[in-house]
2 protein chains.
Amino acid sequence: MTVTLADVAARAQVSPATVSRVLNGNYPVAASTRERVLKAVDELDYVLNGPASALAAATSDLVGILVNDIADPFFGIMASAIQSEIGGPGGRAGGERLAVVCNTGGSPERELTYLTLLQRQRAAAVVLTGGAVEGVPHAAAIAAKLRKLADAGTRVVLCGRPPAPDTPAIALTFDNRGGARQLTEHLIGLGHRRLGYIAGPKERTTTRHRLEGHRDALAAAGVEEDPRCTVYGRYDRRSGYEATLELLRRDPALTAVVAANDSVALGACAALRESGLRIPEDVSVAGFDDLPFSVDAVPSLTTVRLPLAEAGARAGRIAMGREEPPPGGIATVRGELMVRGSTGIPRT
Amino acid sequence: MTVTLADVAARAQVSPATVSRVLNGNYPVAASTRERVLKAVDELDYVLNGPASALAAATSDLVGILVNDIADPFFGIMASAIQSEIGGPGGRAGGERLAVVCNTGGSPERELTYLTLLQRQRAAAVVLTGGAVEGVPHAAAIAAKLRKLADAGTRVVLCGRPPAPDTPAIALTFDNRGGARQLTEHLIGLGHRRLGYIAGPKERTTTRHRLEGHRDALAAAGVEEDPRCTVYGRYDRRSGYEATLELLRRDPALTAVVAANDSVALGACAALRESGLRIPEDVSVAGFDDLPFSVDAVPSLTTVRLPLAEAGARAGRIAMGREEPPPGGIATVRGELMVRGSTGIPRT
DNA sequence: GGCCGTGCAGCAAGCGCTTTCTATCAACGA
DNA sequence: TCGTTGATAGAAAGCGCTTGCTGCACGGCC
């Protein structure tokens, strides 16, 4: 059968307690004893029983990372950065932790279930990334769960998600609103007045904030906004493609398309091109996030760069207690406008 | 303190054993009793203690997914597909399992450490994705670990990775060699004779197989190959950019660039464009994988489509024991040549 | 010389759950 | 009416580890 602590103890001629202490290194053990134990561990190829250890110590080395869509680099980049700080193998942290990336698909139910699963595993920390789904029942349920997790000693960090009120969760929030505003201001500054907006899924905070920023800019510039110029969709390329065709149908004279994110913007570009429109001569296109492929689009995409990796790394450190949480438990992370080739002055 | 099974039992006026049986549903319990128990669970907001349960039952509901780079959609797509079949919340499988995505960064050491961590957690299954690192010590160490995992009852599946000899691991291998060969044959068929090849990291199986397929095609067509026409790099855009400049320096007259994957190809496109070369009029470019953004490149990328999602889903099902493993434990998954706008006849 | 502080190691009591074995009880056929 | 059987429920023994407390030896100190 599998090797247990007791087997190692027997081989090293010490008590199980001593083996445990050698392995955990949290109690003085004579050097000679330690060596004997380590030798036995090695010879027997002993691997600690995680569940047993977690049970006895009432702690776990699991850290959960919740993402909306793991196939989307937006989340992949953040998850990667978080994980690199979590420790895990190769991380700088001593204790080896298992970072668990969970794919919620953007569904609040699955999010909740994953949180329960993590609670069940007595996770050491949980990082929730990306926009939340709005709506009282969901928000309340998630908040309640986060509170319970925190009560049980799990550190909870939100990365790229608005703060969860009445919750001990630390929030690193992206300034989606400000970024979107800057972007649209840029377009307005170029002379655009007829802008189409392709939003994300309707009930997401990210969607709402970006849209609000866009509208703020329009309002500030005195550009009146036709609600028909906003189309809702998903955060993917396909959605951008379809929404753009729809926008073009509604207003063939629009001169700019602002997309909810870069993938959507790429889909928009494809649709415009197929419609015989040049970018940016006929129609300007702007994205959001500045994912790695955006600079490679032709023309390269004007967008708002979000420091995904930096934010993720910081969230990871906070989750591990290796960095002070921001004052008030909330920090706003700003984006940076990247003006590139896909936006220009409107056609006359 | 936290609520335990005993608390629930007390409240429902039954024994802990009965509560356990209700929760696991693997033993007859009278309907009335079950209801009483479930009510108590609900009222107390009881959450099972995972470690304790795993310890007592000697099983765990953790499933590990190892990926080389979680920020790369290649792995994100596979991981997403695997996870969707693993069960997890929302999955069709009844038992709720926690899918753990582990980011190895392509390092065999970290891979090994993650495997140990999963072994420690007594994972129910492990899926390793993507190419392996070649080299006897590593391969042997990984094989030994896989054997040990399998011995301990963990199901081991390789997805998009060559079979691990002397190992009970089920392998779903991509036909990288065949795909690469087809791709290069396509280019040769167009009339290209001076092809540059941008390979991935030198010690990876994926790199080697794709390169071999490329060379097979060249050899079969009687095109003699200059080793200077192959440049090694990483599997990212940057690498493609730099490698292309290098290739151009070595042979300004080349008419086609074959890249190790789509990201690399995109970088190659950028470099060519900056060098004043048109695609495909001056130089053809081909990628591999057919990631979602590849069709949006301008011109859209000729590449080999790998059924990442399908393969991942299948790997997930096999890992869960919901699908028969292929005969011999090995299946080859073929790619499909996607001819698009980035390849054309060579300039004269 | 007796005492005590110090440094290490062991004992043993759990951690919260699962599961085997046993007990109970009602129904039922003989 | 009684033994038998089937369906449930409970008692209790762990699962493999951690850790508070105890035990012991050694050396320095008064």
Side-chain angles (χ1 to χ4, degrees), chain A residues 1-38 40-41 44-62 95-96 117 119-124 152-153, chain B residues 1-38 40-41 44-62 95-96 117 119-124 152-153:
Chain A
M1 273 312 300
T2 55
V3 183
T4 72
L5 238 208
D7 299 331
V8 176
R11 176 156 197 128
Q13 317 225 56
V14 295
S15 73
T18 301
V19 177
S20 171
R21 300 203 255 247
V22 168
L23 260 25
N24 290 299
N26 51 10
Y27 194 86
V29 173
S32 64
T33 313
R34 182 200 324 288
E35 254 175 54
R36 208 146 27 91
V37 169
L38 290 179
V41 164
L44 294 177
D45 229 348
Y46 170 68
V47 174
L48 191 69
N49 182 317
S53 164
L55 172 58
T59 63
S60 141
D61 49 6
L62 233 59
E96 270 166 5
L117 239 37
Q119 181 184 4
R120 173 178 303 182
Q121 299 296 335
R122 306 298 189 251
Chain B
M1 272 309 299
T2 55
V3 184
T4 72
L5 237 209
D7 299 330
V8 176
R11 175 155 198 131
Q13 317 226 54
V14 295
S15 72
T18 302
V19 178
S20 171
R21 299 202 258 246
V22 168
L23 261 25
N24 289 300
N26 52 9
Y27 194 87
V29 172
S32 64
T33 313
R34 181 200 322 288
E35 255 176 54
R36 207 145 29 92
V37 169
L38 290 179
V41 165
L44 294 178
D45 230 345
Y46 171 68
V47 174
L48 191 69
N49 183 317
S53 164
L55 171 59
T59 63
S60 140
D61 48 7
L62 233 58
E96 272 165 4
L117 239 37
Q119 181 185 4
R120 173 178 301 182
Q121 299 296 334
R122 305 298 189 254

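All chains are named by letter (A, B, ...) in the order of the sequence lines, taking the proteins before the strands, and each is independently numbered beginning at 1. Computation of the quantities below employed the complete heavy-atom set of this structure, encompassing side-chain atoms and omitting hydrogens, waters and symmetry-equivalent molecules.
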**Prompt:** In whole Å, what is the span from the CG atom of Asp61(A) to the P atom of dT18(D)?
**Reply:** 11 Å

**Asked** Rounded to the Å, how far apart are Leu5(A) CG and dC11(C) P?
**Response** 14 Å

**Asked** For DNA chain C, what residues of residues 7-19 of chain B have any heavy atom nearer than 4.0 Å?
**Response** Ala17(B)

**Prompt:** Starting at CD of Glu35(A) and ending at P of dA9(C), how long is that distance when rounded to a whole Å?
**Reply:** 13 Å

**Message:** To check you understand the geometry: which heavy-atom pair defines the closest contact between Ala9(A) and Ser15(A), and what is its length?
**Reply:** CB-C, 3.7 Å

**Prompt:** Which listed nucleotide (dC17(C), dT18(D), dG16(D)) is nearest to the side chain of Leu55(B)?
**Reply:** dG16(D)

**side-chain hydrogen bond (donor to acceptor under 3.5 Å, both in side chains) contacts in which one or both residues fall within residues 25-37 of chain B, not counting sequence neighbours** = none

Just distance, no hydrogens or angles: give the donor-acceptor pairs under 3.5 Å from side chains in residues 45-52 of chain A, sequence neighbours left out.
residue, atom, partner, partner atom, Å
Asp45(A), OD2, Lys148(B), NZ, 2.5
Asn49(A), OD1, Ala52(A), N, 3.0

**Sub-4.5 Å side-chain heavy-atom contact between Val41(B) and Leu23(B)** = yes

**Request:** Among the candidates dG16(D), dC17(D), dC17(C), find the nucleotide nearest to the side-chain atoms of Leu48(A).
**Result:** dC17(D)

**Message:** Run the side chain to side chain donor-acceptor pair (under 3.5 Å) test against Ser53(B) and tell me which residues pass, sequence neighbours left out.
**Reply:** none

**Fill in**
Rounded to the nearest 0.5 Å, the CG atom of Leu5(A) sits from the CG atom of Leu44(A) at a distance of 11.0 Å

**Asked** Which residue pairs pass the salt bridge (Lys or Arg N to Asp or Glu O under 4.0 Å) test when at least one of the two sits in residues 5-18 of chain B, sequence neighbours left out?
**Response** Arg11(B)-Glu43(B)

**Message:** In this structure, how many angstroms lie between the C1' atom of dC17(D) and the CG atom of Asn49(A), rounded?
**Reply:** 8 Å

**Asked** Does any residue of residues 20-34 of chain A have a heavy atom under 4.0 Å from DNA chain C, and if so, which ones, in number order?
**Response** Arg21(A), Tyr27(A), Pro28(A), Val29(A), Ala30(A), Thr33(A)

**Comparing Ala52(A) and Ala54(B) on DNA chain C - which has the more 5′ nearest nucleotide** = Ala52(A)

**Prompt:** Within a strict 4.5 Å, meaning less than it, do heavy atoms of the Arg21(A) and Val37(A) side chains meet?
**Reply:** no

**Request:** Figure out the CD/P separation between Gln119(A) and dG16(C), and round it to whole Å.
**Result:** 14 Å

**Prompt:** Tell me: CZ of Arg36(B) to C1' of dA9(D), nearest whole Å?
**Reply:** 11 Å

**Request:** Check Ala123(A) against Ser60(A) and note the closest heavy-atom contact, atom names and distance.
**Result:** CA-OG, 4.2 Å

